[in-house]
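Everything on this sheet refers to the single structure shown next.
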Amino acid sequence: MKPLLKALRGEALPRPPIWLMRQAGRYLPEYRALRTKAKSFVDLALNPELAVEVTLQPIRRFGMDGAILFADILLVPHALGQKLEFLAGEGPQLEPIRDAAGLAKLSDARAADILAPVMQTVKGVRAALPPEVTLIGFAGAPWTVATYMIEGRGKTEYENCRRMLWSEPKLFASIMDLLVDSTAAYLNAQAEAGAEALKIFDSWAGAVPAPLFDVAVIAPTARIVKAVKAKHPNIPIIGLPRGAGSHVARYAAETGVDAVAIDHMTDMASVILPPGVVPQGNLDPMLLMVGGAPMEAEARRILASMKGRPFIFNLGHGVLQHTPPEHIARLVEVVKG
Ligand code: 1CP
């Protein structure tokens, strides 16, 4: 069995498998060169030939144990009919949904067709990957995707989302229902196309008010995990409840995920996960910018603190845009020993 899949099944390996969140993308010169071939970011993500190539770029260069499908969490709102654009330097822009009339414009009727190219990418990557490398499919968690749908952009204080959570729970629940169903279908389609593990990114879980963490994060994630496991009982699922702090153990126990990505604000060795749930993490992505002795010392500290336990080496969040690729090469060397 592939090393990353062994670790996801709870096996402690002589050295942990390694892959990095956002390991494909703008910090790589070969990505920037390929990016100019597509009209827009959405066109790139929905072009199987180019998306296969982008997925493979970091594997070829660095030899990670996992390849993450090249796509984006915002393809789901795009497939539901919400207008989406990526503006250079500004990130995603969507036509915000703030009321029932806005939500009524969305529909999952065409979602599978619009997302079909992603399944071609999954098949293409599986056919091209070295035999020991695991293909990870992914989607955004409903809360994190909803923050973009409701605010209309990233990098916000989530004011419209939090207002809706408290003041219009029924409208919020309808958005969650649509996202739970469409995300579960999207992940099931990826598993059918050949994804060997799945990840659910709740990057902005830390913005949820504590009393609503169940409603916004745990319950919708648990529903997706259940719907995926009903069709694909053996596919491992990794959850990233980024910034969830004191909720991490309950997230691990109640969502049904097989592994939990731990952010770099958390002391990974002291997080208590239920038996069988595997931790993944948690180097500060800034250390990949810094490189050298501070990066190596921290990577070695993490390795030592997790020694003998099932564990997957990763960052606490995604690779930063201006990361020097040679620092990643060195990190992979240090972890592989
Ligand atoms: O200009 C460009 O070329 C676009 C940059 C880019 C890339 C390379 C975006 C726009 N998305 C991606 C790919 C991507 N996004 C991947 C596959 C590549 C890989 O991981 O190696 C994945 C898994 C994602 C997931 C994603 N998109 C997340 C969750 C992970 C995380 O980093 O927290 C989130 C929050 C997004 C939204 C998004 N898409 C793109 C940007 C710039 C953003 C973030 C905007 C913000 O800061 O709010």
Side-chain angles (χ1 to χ4, degrees), residues 18-47 50-62 64 66-78 84-94 118 121-122 125 133 135-158 161 183 186-187 190 195 197-207 238-244 261 263-264 280-281 285 288 314-323 325 328:
I18 175 172
W19 69 281
L20 304 177
M21 286 188 255
R22 308 299 287 266
Q23 65 192 16
R26 288 175 292 184
Y27 74 98
L28 279 176
E30 56 268 39
Y31 171 81
R32 295 195 298 270
L34 207 135
R35 173 78 175 78
T36 60
K37 292 191 190 171
K39 223 169 54 249
S40 67
F41 177 76
V42 174
D43 287 349
L44 174 63
L46 293 178
N47 178 323
L50 297 179
V52 167
E53 179 55 25
V54 177
T55 305
L56 296 172
Q57 283 174 344
I59 308 305
R60 273 196 211 110
R61 199 193 249 259
F62 307 114
M64 283 94 172
I68 178 132
L69 168 71
F70 183 78
D72 196 81
I73 65 166
L74 300 178
L75 291 182
V76 168
H78 168 75
L84 165 70
E85 262 186 310
F86 285 85
L87 304 180
E90 283 184 53
Q93 307 269 322
L94 302 92
V118 176
T121 304
V122 170
V125 174
V133 181
L135 174 57
I136 306 158
F138 76 93
W143 161 255
T144 287
V145 175
T147 65
Y148 291 94
M149 293 172 73
I150 296 166
E151 301 295 338
R153 60 196 176 89
K155 301 199 169 68
T156 64
E157 292 298 321
Y158 314 99
C161 301
T183 304
Y186 180 48
L187 289 173
Q190 292 181 34
L198 297 170
K199 180 149 179 188
I200 301 174
F201 285 97
D202 223 340
S203 303
W204 313 128
I238 310 167
L240 165 85
R242 186 174 173 274
D263 60 46
H264 48 284
Q280 170 184 287
L288 269 179
N314 205 306
L315 304 175
H317 199 196
V319 175
L320 296 163
Q321 191 184 344
H322 301 291
T323 298
I328 297 192

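First listed ligand is number 1; within each ligand, the first listed atom is number 1. Start at 1 with the first residue, then count along the sequence.
Under a 3.5 Å cut-off, the side chain of Gln23 and the backbone N or O of Ile328 do not form any donor-acceptor pair.
Legend: salt bridge (Lys or Arg N to Asp or Glu O under 4.0 Å) pairs involving residues 35-45, not counting sequence neighbours, sorted by first then second residue: Lys39-Asp43. Residue pairs meeting the side chain to side chain donor-acceptor pair (under 3.5 Å) criterion with at least one member in residues 135-150, sequence neighbours excluded, are Thr144-Asp202, Tyr148-Trp204.
When heavy-atom distances to ligand 1 are checked against 4.0 Å, the residues falling inside are Arg22, Gln23, Ala24, Gly25, Arg26, Tyr31, Arg35, Phe41, Ile68, Leu69, Phe70, Ala71, Asp72, Ile73, Phe86, Pro92, Phe138, Tyr148, Gly154, Lys155, Phe201, Ser203, His317, ordered by chain and number.
A salt bridge links Arg60 with Glu53: at least one charged nitrogen is closer than 4.0 Å to a carboxylate oxygen.
Remark: Glu157 CD is loosely packed, at most 12 non-hydrogen atoms of other residues, nucleotides or ligands lying under 6.0 Å away.
Under the ring-ring contact (aromatic ring centres under 6.0 Å, His included) criterion, Phe62 pairs with no residue, sequence neighbours left out.
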